[in-house]
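In the text below, chain A, chain B and the rest are named by the order of the sequence lines, each starting its count at 1.
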There are 2 protein chains.
Amino acid sequence: MSQQPAARVAVIKDVARLAGVSHQTVSRVLNDHPSVRDETRERVLRAVQQLNYRPNALARGLAGRRSRVIGVVSFDTILHGPAATLLGIERAARHAGYGISIVALERLDRSGVIDAVNRLAEQSVAGVVIIAPLLTAAAAAGSLPSGVPAVVAESDMAGDLPTVSVDQVAGARLAVEHLLDLGHETVWHLSGPKDWLEARDRVDGWRAALEAAGRRVPPVLAGDWSPRSGYEAGRRLADRGDVTAVFCANDQQALGMLRALHERGVRVPEDVSVVGFDDIPEAAYLSPPLTTVRQDFDEVGRRCLAALLELLGVDRPPGVARHPRVPPSLVVRASSGPPPAA
Amino acid sequence: MSQQPAARVAVIKDVARLAGVSHQTVSRVLNDHPSVRDETRERVLRAVQQLNYRPNALARGLAGRRSRVIGVVSFDTILHGPAATLLGIERAARHAGYGISIVALERLDRSGVIDAVNRLAEQSVAGVVIIAPLLTAAAAAGSLPSGVPAVVAESDMAGDLPTVSVDQVAGARLAVEHLLDLGHETVWHLSGPKDWLEARDRVDGWRAALEAAGRRVPPVLAGDWSPRSGYEAGRRLADRGDVTAVFCANDQQALGMLRALHERGVRVPEDVSVVGFDDIPEAAYLSPPLTTVRQDFDEVGRRCLAALLELLGVDRPPGVARHPRVPPSLVVRASSGPPPAA
DNA sequence: GCCCGCATTGTTATCGGTCACATTCATGGG
DNA sequence: CCCATGAATGTGACCGATAACAATGCGGGC
């Protein structure tokens, strides 16, 4: 009467009973402890199979003070960079046998980041990855109160935490040098919002490449990542008439710019060359197809995880750089060409 | 000597000691139990504050067999629909006081979905939301072995599980009726991959709208969501010369189509009208700005959560529809207009 | 032949909460 | 005045795993 044949899931004791061993021996088998006789191990594994037993992660985490879940603090946006980074981290975590818990933030400010990390800490995550493309977020990450192991992505400065990011400066250089090589006198730049680190770095890389070539550095046009800001900047540039090459800080802005130039009768690339950044899936099918800079977000995810596992001390490879910068690559399409002969 | 003044985090016993009550009373305060004197409650809350105590979610889940985390099974892609749905769910969950754990799948097949749900079940999530835009995934979700409460998003058939989805048929109708209203004889359709439910529904809605108006139904062009497939279809349509209106199953395909038409010298909307689906951020800045159908993914997220909470029995509102369909809306821009006078 | 050490296995405490039940005390009807 | 009732609080078991330590058996060195 006391037995309820309901579909209750099996726990470690059930396995132990079926295998005729103690629950501790079952635990040893599950955790690959060396001191278990082969025959015993097999008996246990058979029981596990038979009962379709799966260890309870909560109990494991509570007893062992370590969990197989890592937290990710992200930004509540479907912008290509953060979204792709999140997926990259998820993929890397999954392949390493970790689950991921995410908290998205509406505003990436100090208290928001700290609060998010605390929420994740409550769930006893093994560590966290903070996707911090904004200055404020990176600063907040650098001054976390709790003792949670943390890695910061899309940022290269966050107190003494390890960071992982794409080398934005190098990416901007690639874009600018490509345009100079084509024969352009100089290159204009439509930047992203100035509180974004990536936007800053791209400005820096753009300026450095121009200065290294001894070229005039035009004023920076300020955008906000949106196609709208690219559109508006495009109208202004079309009105000037003396611009032959523009480097846009992301593909969406480049898209808006292409549209503005087209409306004004400015031909791309015959009159003006345009280069973007990100290589979003649409880039190859714009009119004209967009020359742009591609970032390897899978690699970013992998390195985030490697850095985190290193912090957790579960990984042997000793030589993980503390601030690796993933190199981007240039994708040349039809939106860039030599300047008009005039 | 036995005391270690290290920054050990406070646990419930520490709070109890400081407040001069039993740990159980602290637990009562934390869980809003009615039978606690106001003065006692305040003393406990003061201690909580003072120690910066945060309850351990693992222990809570283990002891109480309920957790404040819901799992999300998603598709390993940055396609607009799934990505936006994920964010919508996260936002709704956060506002309801739940955390979310995600597992992304490379292939949405039966064993993949079941495996993902099992992985989440191991972590004792309160329930799961399965984003299942493919037939295979929906079928798998409908035959889950475990007893985990589950809701299926982006699907309207999954065994007897509750589902939440945007009304794709209605969305397609909006697009087609808009074009017919403009005076077009009929409307062609570039579909998505046929194993996607949304693609199917959009085909159905398109066909239904044409038939309801007594119009000829052209053959369906098959795409795969990519701008490339839109581009290729666009070339084929341009070659025909008798097409005046096209409804593309998503904006990326519409983008590729716009490019192909432009290359062939076909003017949009003067010669051919094009309507997309999704209203991606880029849509308003294409050449020409794209008329499209917008889906409210925040609403989808909210309803998923409402359905899940209903399953969990923690929510009063009794009248939550079991298969709600969120209505989409038409966004008219410049890519659609009356057919050529000829 | 005795003792030590290692491999193997079992026993019990513990993680940090919640649950079920016991206890205490004030209140009120008969 | 007594006892049933319910509010307020405490005690100990329990959730399902791992950790620490004990116990057992076997082989080898002296």
What are the two closest heavy atoms between B:Ala16 and B:Ser22, and how far apart are they? CB-C, 3.7 Å
So do B:Leu18 and B:Asp14 actually touch side chain to side chain, heavy atoms under 4.5 Å? no
Quick one: are A:Val11 and A:Asn56 in side-chain contact, heavy atoms under 4.5 Å? no
Taking side chain as C-beta onward, heavy atoms only, is B:Val117 less than 4.5 Å from B:Ile130? yes
Is there side-chain contact between A:Val129 and A:Val73, with heavy atoms separated by less than 4.5 Å? no
Length of the line joining B:Leu30:CG and C:dG17:P, which is rounded to integer Å: 8 Å
Using whole Å, report how far CZ of A:Arg66 lies from C1' of C:dT14. 15 Å
Spacing between B:Arg17 atom CZ and D:dT11 atom P, to the nearest angstrom: 14 Å
Flag the pair A:Arg94 and B:Glu106 as a salt bridge only when some basic side-chain nitrogen lies within less than 4.0 angstrom of an acidic carboxylate oxygen. yes
Any side chain to side chain donor-acceptor pair (under 3.5 Å) involving residues 123-136 of chain A? Give me the pairs, sequence neighbours left out, ordered by first then second residue. none
Measure from CG on B:Leu58 to C1' on C:dT14 and round the result to the nearest Å. 15 Å
Is there a side-chain contact between A:Leu197 and A:Pro133 in this structure, where contact means two heavy atoms from C-beta onward sitting under 4.5 Å apart? no
Does the distance from a Lys or Arg side-chain N to an Asp or Glu carboxylate O, for B:Arg107 and B:Asp76, drop under 4.0 Å? no
Is there a side-chain contact between A:Ser101 and B:Ile100 (heavy atoms, below 4.5 Å)? no
Tabulated below should be each protein N or O lying under 3.5 Å from an N or O of nucleotides 13-15 of chain D; please produce it.
from, atom 1, to, atom 2, distance (Å)
D:dC15, O2, B:Ala63, N, 3.4

Atom-to-atom span, NE2 of A:His33 to C1' of C:dT9 - whole angstrom: 10 Å
I need the residues from residues 36-48 of chain B with at least one non-hydrogen atom less than 4.0 Å from DNA chain D; give them sorted by number, or say none. B:Val36, B:Arg37, B:Thr40
Sub-3.5 Å pairs of nitrogen or oxygen atoms, protein against nucleotides 26-28 of chain C:
none

How is A:Ser22 classified with respect to the nucleic acid when contacts are heavy atoms under 4.0 Å: base, sugar-phosphate, or nothing? base
Is A:Val151 close to A:Val164 at the side-chain level, that is, under 4.5 Å between some pair of heavy atoms? yes
Figure out the CD/P separation between B:Gln24 and C:dT24, and round it to whole Å. 17 Å
Nearest-Å distance, CG (A:Asn31) to C1' (D:dG16)? 13 Å
Could you tell me if the side chain of A:Val300 sits less than 4.5 Å from the side chain of A:Asp296, heavy atoms only? no
Candidates B:Glu154, B:Arg91, B:Arg302 - the one meeting side chain to side chain contact (heavy atoms under 4.5 Å, CB included) with B:Phe297: B:Glu154
Going by number, which of residues 49-57 of chain A have a non-hydrogen atom under 4.0 Å from DNA chain C? none
Between the opening five pairs and the closing five pairs of the helix from C:dG1-D:dC30 to C:dG30-D:dC1, how far apart are the helix axes, to 10°? 60°
Nearest heavy-atom contact between B:Leu312 and B:Tyr98 is CD1-OH, 4.2 Å
Of the listed nucleotides C:dT18, C:dT9, D:dA7, the one nearest the side chain of B:Ser35: D:dA7
Taking every non-hydrogen atom, the tightest pair across A:Leu51 and A:Ala10: CB-CB, 3.8 Å
How about B:Arg325 and B:Thr163: does a side-chain donor come under 3.5 Å of a side-chain acceptor? no
Calculate the interatomic distance between B:Ile12 atom CD1 and D:dG10 atom P; express it in whole Å. 12 Å
Indicate whether OP1 or OP2 belonging to C:dT8 is found under 4.0 Å from a side-chain N or O atom of A:Thr25. no
